[in-house]
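Since the structure comes first, as C-alpha cells, the remarks are kept for the end.
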Amino acid sequence: EVQFVESGGGWVQPGGSLRLSCLASGFDFDIYAMSWYHQAPGKERDGIATIIPPDDRTQYEESVRGRFVISRDDAKSSLYLQMNNLKPEDTGVYFCNVVPAVQANVPRFANWGQGTQVTVAS
C-alpha cells in the first residue's frame, strides 16, 4: 500500500541544478521523518538528506550539505530535493522513503519506488 513515485531527474552539466520530487501515498505522510537516498553506480543506497517533523528540521550528509535542500509539502504528501552545484559524484538513482531507522524496521516501508536517475556529466 505504501508507495513512492520519484521524478525530476535527468542529465545536467556539472554546476547545474535539478529539483527532484517524490509523491508518497499509503501512510500518514505528515508525521513521518522523510529522507532522500542516493544510490551511486555500483554502490549501496545511502541516505543523504532528512527532514523531521513537526519542526521540519533538516539533516544532510556532508557531501551535499550547502548544495542540496530537502523540503516537504504535507498537503501534497510530497518530498522535494533541490540540488544545486551538481557534481559528477552526485550521479546515480535517487529514492525517497521514511528515514532509515524506520524504513529498515517497519515492513510496510520495505518497498522502494523506481527512483529517478540523475546524471551529472559534461
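Given the structure is predicted, the values throughout are model-derived calculations rather than measurements.
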Which pairs of donor and acceptor atoms, one on a side chain in residues 109-122, lie under 3.5 Å apart (sequence neighbours left out)?
residue : atom : partner : partner atom : Å
T116    : OG1  : G9      : N            : 2.9
Q117    : NE2  : T119    : OG1          : 3.4

Answer with yes or no whether the hydrophobic clustering places L23 together with V99; edges join I, L, V, M, F, W, Y residues whose side-chain heavy atoms lie under 4.5 Å apart.
no

Does M34 reach the side chain of T50, with side-chain heavy atoms less than 4.5 Å apart?
no

F68: ring-ring contact (aromatic ring centres under 6.0 Å, His included) partners, not counting sequence neighbours
none

Please list, chain by chain and in numerical order, all residues satisfying salt bridge (charged side-chain N to carboxylate O under 4.0 Å, His left out) with D73, sequence neighbours excluded.
none

With sequence neighbours left out, write down each residue that passes side chain to side chain contact (heavy atoms under 4.5 Å, CB included) with S7, or none if nothing qualifies.
S21

Please find the pair of heavy atoms, one from F29 and one from S77, that lie closest to each other, and give the distance.
CD2-CA, 3.6 Å

Quick check: is V98 connected to Y94 through a chain of hydrophobic side chains (ILVMFWY, heavy atoms under 4.5 Å apart)?
yes

Mind checking whether I48 and L18 sit in one hydrophobic cluster, side chains of I, L, V, M, F, W, Y counted as touching below 4.5 Å?
yes

I'd like to check the ring-ring contact (aromatic ring centres under 6.0 Å, His included) partners of F4; sequence neighbours left out, ordered by chain and number.
F27

With sequence neighbours left out, the residues meeting side-chain hydrogen bond (donor to acceptor under 3.5 Å, both in side chains) with Q39 are none

Path from Y32 to V106 over hydrophobic side-chain contacts below 4.5 Å:
yes

Name all pairs fulfilling the salt bridge (charged side-chain N to carboxylate O under 4.0 Å, His left out) condition that reach into residues 82-108, sequence neighbours left out, sorted by first residue then second.
R67-D90

Applying side chain to side chain contact (heavy atoms under 4.5 Å, CB included), can you list everything that pairs with D28, at least two apart in sequence or on another chain?
D30, I31

List for me each residue that meets side chain to side chain contact (heavy atoms under 4.5 Å, CB included) alongside Q3, sequence neighbours excluded, and say none if there are none.
S25

Residues at least two apart in sequence or cross-chain that pass side chain to side chain contact (heavy atoms under 4.5 Å, CB included) with V69, listed by chain then number, are Y60, Q82

Can you tell me how far the CZ atom of F95 sits from the CG atom of L79, to the nearest 0.5 Å?
14.0 Å

Out of R72, R57, Q59, which one pairs with I51 under the side chain to side chain contact (heavy atoms under 4.5 Å, CB included) rule?
R72

Enumerate the residue pairs fulfilling salt bridge (charged side-chain N to carboxylate O under 4.0 Å, His left out) with a member in residues 32-48, sequence neighbours excluded, ordered by first and then second residue.
none

State the CH2-CG distance between W36 and L20, to the nearest 0.5 angstrom.
5.0 Å

Do any pairs count as a disulfide (SG to SG under 2.5 Å) and have a residue in residues 74-122, sequence neighbours left out, and if so which ones?
C22-C96

